[in-house]
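Quick caveat: nothing in here was measured; it's all calculated off a predicted structure.
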Amino acid sequence: MTTDTTGTAARDGEPRRGGPADSPFVRACRREPGPHTPVWFMRQAGRSLPEYREIRANVPMLESCRRPELVTEITLQPVRRHGVDAAILFSDIVVPVAAAGIDLDIVPGTGPVVAEPVRTAADVERINPIGRDDVSYVDESVRLLVAELGDTPLIGFAGAPFTLASYLVEGGPSRTHAKTKALMYGDPELWHALCARLAEVTLAFLRVQVDAGVSAVQLFDSWAGALSEADYRRYVLPHSAHVLAGLGAAGVPRIHFGVGTAELLGAMGEAGADVVGVDWRTPLDVATRRIGPDKAVQGNLDPAVLLAPWEVVESQVRRIVDQGRAAPGHVFNLGHGVLPETDPEVLTRVVALVHELSARPAA
């Protein structure tokens, strides 16, 4: 007996029915029919949950990501509470960059802050390759989670090269990405060298997660929406495509997501993902036409809607479920992460509502 990369037992190369590989989430990612539209939420394991705030008290973010037992508990919290169709590994997009030798910290209320921003060829050389031993805590966390989750799939993730590069060049979060664009336009050779190195770090990080048993991966390009389509195609797409192509033989669905990417959706689909995440600005039926019929979509409730009265939330959920039917596969999610002030009970009700609205008769 062998084990496939989605964590489902197989014999003689034939997948066994059941398990994460046959879950509603993985089936939707593969554009296959399932019992209902699956639901999970970006940042579902986070500040909106009182049990998360309690367990994370006085533990710095990066340290939290390096404690497998803590990662396991935090990742499982929303699965227990909300009944979501998938868990997502609790981590941060800068974890592999820190493992690659970059001196950084995640500052509460600010985000990642880099001690020495990357601006020169010598700075790029400081970014080391990584392997399983450099992020052994991630490997251990995934293995613990796969054992605990059973038939519920686990999503691994990483930051895309452009978004990681922006953090490194800016030295932290930025609204304008001015330094990033200045380097990108002013020294394309250095820019591509930086992104190529980050692509290898990202790919290695995701391979560790796949080898440990995740059922899918999501590549976050959170800041790609700051670019025009032409610039995205020239400066970003080749590096994201390298990461996604490097996982092509792994057998797990690949999700690609960015914010403010309405004009980039077609190009992001071309990067090689199986599922394209859509933020709240673009209706899913419109997004499907832009992405094409060979990709599933994920999204896309505005996170702020969850703060409105329930009748408003219900109306918006119904709209998104209906629009998602235009896609060959739909994973219900938010258009970005859960806001900290969100009432967890509302998330639980959204999961139940989506399941109810999308329930399909058994074959």
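- At a threshold of 4.5 Å between side-chain heavy atoms, the hydrophobic network of Ile, Leu, Val, Met, Phe, Trp and Tyr places Leu307 and Val351 in two separate groups.
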**OP:** Go through the steps to decide whether Gln218 and Gln298 satisfy the test side chain to side chain donor-acceptor pair (under 3.5 Å), and finish with yes or no.
**Re:** CA-CA 11 Å; Gln218 176 155 312; Gln298 179 175 279; 3.0 Å; yes
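- At a threshold of 4.5 Å between non-hydrogen side-chain atoms, the residues Thr282 and Arg290 count as touching.
- By the 4.5 Å heavy-atom criterion applied to side chains, Leu227 and Lys181 are counted as neighbours.
- One N or O on the side chain of Asp187 and one on the backbone of Leu190 form a donor-acceptor pair closer than 3.5 Å.
- The two residues Cys29 and Ala296 come nearest to each other via the heavy atoms O-CB, 4.0 Å.
- Distance alone, capped at 3.5 Å, places no donor-acceptor pair between the Thr202 side chain and the Ala160 backbone.
- Atom CD of Glu311 has more than 12 heavy atoms from other residues, nucleotides or ligands within 6.0 Å.
- Looking at Arg318 and Glu314, a side-chain N of the basic residue comes within less than 4.0 Å of a carboxylate O on the acidic one, giving a salt bridge.
- Residues Pro20 and Ser215 come closest through the heavy atom pair CB-OG, 3.2 Å.
- Here the side chains of Val210 and Val217 are in contact, with some heavy-atom distance below 4.5 Å.
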Original post:
Can Leu89 and Gln209 be said to form a side chain to side chain contact (heavy atoms under 4.5 Å, CB included), step by step?
Top reply: CA-CA 9 Å; Leu89 179 70; Gln209 296 174 59; 3.7 Å; yes
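- No more than 12 heavy-atom neighbours from other residues, nucleotides or ligands sit within 6.0 angstrom of CD on Glu54.
- Val286 has its side chain out of reach of Val278: every pair of non-hydrogen atoms, C-beta onward, lies at least 4.5 Å apart.
- Arg360 contributes a side-chain N or O that, together with a main-chain N or O of Gly34, makes up a donor-acceptor pair within less than 3.5 Å.
- Residues Ile155 and Val214 form no side-chain contact, since every pair of their non-hydrogen atoms from C-beta on lies 4.5 Å or further apart.
- Looking at every heavy atom in both residues, Leu247 comes nearest to Arg254 through CB-CD, 4.0 Å.
- Side-chain contact check for Pro253 versus Phe25: every heavy-atom pair is 4.5 Å or farther apart.
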Original post:
Taking it one step at a time, do Glu270 and Arg233 satisfy salt bridge (charged side-chain N to carboxylate O under 4.0 Å, His left out)?
Top reply: CA-CA 10 Å; Glu270 293 172 25; Arg233 288 183 178 278; 2.8 Å; yes
**OP:** Start with the C-alpha gap between Thr120 and Asp123, add the side-chain angles, then the distance that decides, and say whether side chain to side chain donor-acceptor pair (under 3.5 Å) holds.
**Re:** CA-CA 5 Å; Thr120 68; Asp123 294 333; 3.1 Å; yes
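- Val114 has its side chain within reach of Ile102: a pair of non-hydrogen atoms, C-beta onward, lies under 4.5 Å apart.
- With contacts defined as side-chain heavy-atom distances shorter than 4.5 Å, the pair Leu76/Leu149 qualifies.
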Original post:
Hey, mind stepping through Leu334 and Asn300 against side chain to side chain contact (heavy atoms under 4.5 Å, CB included) and telling me if it holds?
Top reply: CA-CA 5 Å; Leu334 305 182; Asn300 66 339; over 6 Å; no
Original post:
How far apart are the C-alpha atoms of Gln77 and Arg81, what are their side-chain angles, what is the distance that settles it, and do they pass the side chain to side chain donor-acceptor pair (under 3.5 Å) test?
Top reply: CA-CA 6 Å; Gln77 286 175 349; Arg81 179 187 271 265; over 6 Å; no
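- Panel note: side chain Arg27, backbone Pro33; a donor-acceptor pair is recorded below 3.5 Å.
- No donor-acceptor distance shorter than 3.5 angstrom exists from the side chain of Asp22 to the backbone of Gly19, with no hydrogens or angles considered.
- Note on ring orientation: taking the six-membered ring where Trp is involved, the planes of His82 and Phe41 are perpendicular (angle over 60°, cut-offs 30° and 60°).
- Note: His355 and His36 have tilted aromatic rings, judged against thresholds of 30 and 60 degrees for the angle between ring planes.
- Looking at Asp92, its side chain does come within 3.5 Å of a backbone N or O of Val94 through a donor-acceptor pair.
- Checked against the 6.0 Å centroid threshold, Phe157 and Phe220 count as a close aromatic pair.
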**OP:** Kindly determine whether Trp40 and Asp85 satisfy side chain to side chain contact (heavy atoms under 4.5 Å, CB included), including the steps that lead there.
**Re:** CA-CA 6 Å; Trp40 72 278; Asp85 293 284; 5.9 Å; no
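- Within 6.0 Å of the CZ atom in Arg31, the count of heavy atoms belonging to other residues, nucleotides or ligands exceeds 12.
- Put simply, Ile106 and Ile88 are part of the same group of oily side chains (I, L, V, M, F, W, Y) that touch within less than 4.5 Å, one to the next.
- Linking ILVMFWY residues whenever their side-chain heavy atoms come closer than 4.5 Å, directly or via other members, leaves Val317 and Leu339 in distinct clusters.
- Contact record, Thr152 with Ala86: CG2-CA, 4.0 Å, taken as the closest heavy-atom pair.
- Crowding of Arg119 atom CZ: a count of heavy atoms from other residues, nucleotides or ligands under 6.0 Å exceeding 12.
- Checked by atom type and distance alone, the side chain of Asn333 never pairs as donor or acceptor with a backbone atom of Val39 at under 3.5 Å.
- In terms of hydrophobic clustering, with Ile, Leu, Val, Met, Phe, Trp and Tyr side chains grouped at heavy-atom distances under 4.5 Å, Tyr52 and Leu70 are assigned to a common cluster.
- Relative orientation of the Trp223 and Tyr167 rings is perpendicular, given thresholds of 30° and 60° on the angle between their planes.
- The aromatic rings of His192 and Tyr235 lie parallel to each other, their planes meeting at an angle below 30°, with 60° marking the opposite boundary.
- The backbone N or O of Val26 lies less than 3.5 Å from a partner atom in the side chain of Ser23, making a donor-acceptor pair.
- The main-chain N or O of Lys179 is found under 3.5 Å from a side-chain atom of Glu170 such that the two form a donor-acceptor pair.
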Original post:
Does the pair Arg43 and His336 meet the rule for a side chain to side chain contact (heavy atoms under 4.5 Å, CB included), with working shown?
Top reply: CA-CA 8 Å; Arg43 292 186 190 154; His336 202 192; 4.2 Å; yes
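- By the criterion of side-chain heavy atoms lying less than 4.5 angstrom apart, applied directly or through intervening Ile, Leu, Val, Met, Phe, Trp or Tyr residues, Val79 is not grouped with Leu144; the two fall into different hydrophobic clusters.
- Side-chain N or O atoms of His256 include one that pairs as donor or acceptor with a backbone N or O of Leu219 at under 3.5 Å.
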Subject >> Working for salt bridge (charged side-chain N to carboxylate O under 4.0 Å, His left out), residues Arg56 and Glu73 >> reply: CA-CA 11 Å; Arg56 270 285 324 280; Glu73 171 59 25; over 6 Å; no
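- Under 3.5 Å, the side chains of Thr180 and Ser166 contain a donor-acceptor pair of N or O atoms.
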